[in-house]
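Ligands are counted one by one from 1 in listed order, and the atoms in each one are counted from 1 as well. Note that the numbering runs from 1 along the sequence shown for the chain. What you see is a predicted model; the values in this text were computed from it and never measured.
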Amino acid sequence: MKYSSQLIEQAVQAFSKLPGVGRKSALRMVLHLVQNDRLAVNDIIDSLTIMNSDLKTCKRCFNFSDHELCEICRNSSRNQQVVCVVESIRDVIAIEETDQFHGTYHVLGGVISPIDGVGPSDLNFEALFNRVKDEGVGELIMGLSPTIEGETTIFYISKKLRESNVKISILARGISFGGELEYADGLTLGRSILTRTSYVHLED
Ligand SMILES: [Zn+2]
């Protein structure tokens, strides 16, 4: 045991299980709580306990939810006919933070990756195809990473939905803002030329 208390040791061990938290940061957090903020300990315990018991998965889009349907699916001011297909809930959070998308989502839970043993039956495809069929979805935006696995997944979805009228779009793939053209990889640059878009003059 490194410390004079087994209880501190246990708390440090528990905190160091979190991603990106080593023993040093874990110890700093634990000492902060016991020395300066004992009340926060109860808040942390309460919020984590209730999250652990009550957090659900939205039965429609597979996002985190407090109810059967998540806040986004229940929000009538969002366009329920436009669905952004993403790999994980972290992607939903990233897109939501841009404040630019007002449709809904569908979380696949991964992408097709034969090398990792992930096939279509491991992902939330059936529910997606049912949504397209039953809910009159007009557009699916493929919010997937531009990787071989992402491409394979997009190909699979578009093949499965070939008979439907749904419009399938992919995210614009281009040069990152602040990036230098000459350093962009050839594939990105080539696709950026092919999928160029009209310049939109935004009034200030
Ligand atoms: Zn939902």
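Between Phe125 and Tyr156, the distance separating the two ring centers is shorter than 6.0 angstrom.
Under the 4.5 Å side-chain heavy-atom criterion for Ile, Leu, Val, Met, Phe, Trp and Tyr, Phe155 and Leu144 are members of distinct hydrophobic clusters.
Between atom CD1 of residue Ile157 and atom CG of residue Leu123 there is a gap of 9.0 Å, rounded to the nearest 0.5 Å.
Heavy atoms of other residues, nucleotides or ligands lying less than 6.0 angstrom from CD1 of Ile148 number 12 at most.
The closest side-chain donor-acceptor pair between Arg60 and Gln80 falls under 3.5 angstrom.
Counting only protein atoms, the N, O or S atoms lying less than 2.8 Å from the Zn ion (ligand 1) are Cys58 SG, Cys61 SG, Cys70 SG, Cys73 SG, ordered by chain and residue number.
For Phe64, there are no ring-ring contact (aromatic ring centres under 6.0 Å, His included) partners, not counting sequence neighbours.
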